[in-house]
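Residue numbers start from 1 in every chain, and the chains themselves are labelled A, B, ... in the order their sequence lines are given, proteins ahead of strands.
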Amino acid sequence: MEYRSENGNIILFQEDFNLDETLDCGQAFRWERAAEEDGRCTYNGFFLDKPLKISEAEESCFILYNTSEEEFLTVWKDYFDLDTDYGKIKQRLSADDTLKKACEFAGGIRLLKQDSWECICSFIISQNNNIPRIKGIISRLCEHYGHFPSAAEMASETVESLEYLRSGFRAKYLIDAAVKTASGEIDLNEIEKMDIQQARQKLMTVKGIGPKVAECVLLFGMYRTEAFPVDVWIKRVMEKYYPDGLPSFTAGIEGIAQQYLFHYIRNLK
DNA sequence: TTCCAGGCGTATC
DNA sequence: GATACGCATGGA
């Protein structure tokens with residue numbers, strides 16, 4: 001990673017990074033692709049309440065608009081996981097033919113270090129749902145509050161007051177998660193430090209958080225790269241290519257392997 | 001019209 | 001512990 005500050009923007013040089021592959025691959029739901037400017041792929045989105053406009057100027061070169069060096073170093077460098085060498089990770093994962101193809105297919109995927117509370121909500125909403133509709137529900141939620149609501153803010157909602165979301169049967173799950181988090185019964189800072197099996201169990205005490213959602217919260221909201229969410233798509237990959245489980249060289253970074261595989265299988269043929 | 005979507009809770013055995 | 005089924009909503 002190299003960067004420089006220029007006219008209030010950050011110019012970033014970063015290998016193994018592609019905006020479409022990272023921001024529109026189903027790990028985060030608050031990034032919108034803008035109309036292209038001079039053929040540049042541009043996205044607008046948020047980390048917590050911080051907005052960002054970012055574009056891909058040319059191969060491996062990005063512009064983070066209206067971003068100070070301090071904000072870049074304290075927020076976005078971490079969010080985009082820029083201290084991790086994904087080239088090295090892909091090299092390690094490419095010991096296997098299928099994973100090699102997956103890494104080559106979408107080599108610009110990076111794991112976003114998202115907020116754990118936002119991930120809880122996002123992936124509760126994701127269950128038995130499709131990505132465009134997930135984005136719609138989250139967008140209505142943020143528009144309603146003017147920001148992504150805290151657990152305390154959402155704890156005072158009711159199924160009726162959330163009707164505008166059109167989130168269906170998931171509304172009661174969101175409220176249960178909010179009440180338990182706001183009261184401290186679920187302590188996300190505590191869960192982050194737990195042994196992963198304990199963390200899974202604790203997360204699953206929330207109604208609407210099952211094995212898949214818990215795994216997504218751990219992977220996308222707590223940077224537990226050993227978490228391995230299995231959804232309908234990954235189930236297909238596993239049945240077809242890995243009936244006996246993932247190869248052992250993925251140990252510790254199963255979740256990153258999952259991201260490459262998910263994107264690969266969804267776009268196959 | 002029917003099927004399906006980054007699943008989960010509940011009932012039943 | 002395994003398996004079957006309903007669930008809100010809307011895009012394809």
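In this structure, CG of A/Asn128 is placed 12 Å from C1' of C/dC5, rounded to the nearest angstrom. Nucleotide B/dT10 holds its P atom 10 Å from the CG atom of A/Asp176, rounded to whole Å. Taking atom CG on A/Asn129 and atom C1' on B/dC8, their separation rounds to 13 Å, with Å as the unit. Between A/Phe123 atom CZ and B/dC8 atom P the separation is 12 Å, expressed in whole Å. Computed from coordinates, the A/Ile138 CD1 to C/dT9 P distance equals 17 Å when rounded to whole Å. Between A/Trp233 atom CH2 and B/dC4 atom C1' the separation is 10 Å, expressed in whole Å. Residue A/Leu162 contributes atom CG, which lies 14 Å from atom P of C/dA8 at whole-angstrom precision. The distance between atom CD1 of A/Ile134 and atom C1' of B/dA5, rounded to the nearest whole Å, is 8 Å.
Comparing the same atom, P, in B/dC8 and in C/dG10 gives a spacing of 22 Å after rounding to whole Å.
Judged by the 6.0 Å and 45° rule, A/Lys135 forms no cation-pi pair with A/Phe29.
The residue A/Gly26 sits close to a base: some heavy atom pair falls under 4.0 Å. Residue contacts for A/Phe262: at a heavy-atom cut-off of 4.0 Å it reaches a base atom on one of the strands shown. Base contact: A/Cys25 has a heavy atom under 4.0 Å from a base atom. Within the nucleic acid shown, A/Pro132 has no heavy atom closer than 4.0 Å to any nucleic acid atom. Looking at heavy-atom distances under 4.0 Å, A/Arg170 makes contact with a base. Residue contacts shown for A/Val230 are absent, as no nucleic acid heavy atom lies under 4.0 Å away. Heavy atoms of A/Gln259 sit under 4.0 angstrom from at least one base atom. A/Val206 comes within 4.0 angstrom of sugar-phosphate atoms only, judged by non-hydrogen atoms across all strands, and of no base.
In this structure, A/Arg236 reaches the B/dA5 phosphate: one of its side-chain N or O atoms is under 4.0 Å from OP1 or OP2. Phosphate contact (OP1/OP2 of C/dG10, side-chain N/O of A/Arg166, threshold under 4.0 Å): present. Dashed line: the shortest gap from a side-chain N or O of A/Lys172 to OP1 or OP2 of C/dA8 is under 4.0 Å.
Residue-to-nucleotide contacts include no donor-acceptor pair under 3.5 Å from the side chain of A/Asn130 to the base of C/dA12. Looking at A/Arg133, its side chain comes within 3.5 Å of the base of C/dT9 through a donor and an acceptor atom.
One finds the OG1 atom of A/Thr250 at 12.0 Å from the CD1 atom of A/Ile89 (value rounded to the nearest 0.5 Å). Expressed to the nearest 0.5 Å, how far CZ of A/Phe72 lies from OG1 of A/Thr67 amounts to 9.0 Å.
Ring pair A/Trp76/A/Trp31 is perpendicular by interplanar angle, where above 60° counts as perpendicular and below 30° as parallel.
Taking every side-chain heavy atom of A/Gln127 into account, B/dC8 is the closest of B/dA5, B/dC8, C/dG10.
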Could you give me the CA-CA distance, side-chain angles and deciding distance for A/Ser167 and A/Tyr173, then say whether side chain to side chain donor-acceptor pair (under 3.5 Å) is met?
-> CA-CA 10 Å; A/Ser167 61; A/Tyr173 300 152; over 6 Å; no
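Each of A/Lys207 and A/Ile234 was assigned the nucleotide of DNA chain B with the nearest heavy atom; the assignment lying further toward the 5' end belongs to A/Ile234.
A/His147 and A/Glu153 are linked by a side-chain donor-acceptor pair at a separation below 3.5 angstrom, with hydrogens and angles left out of the test.
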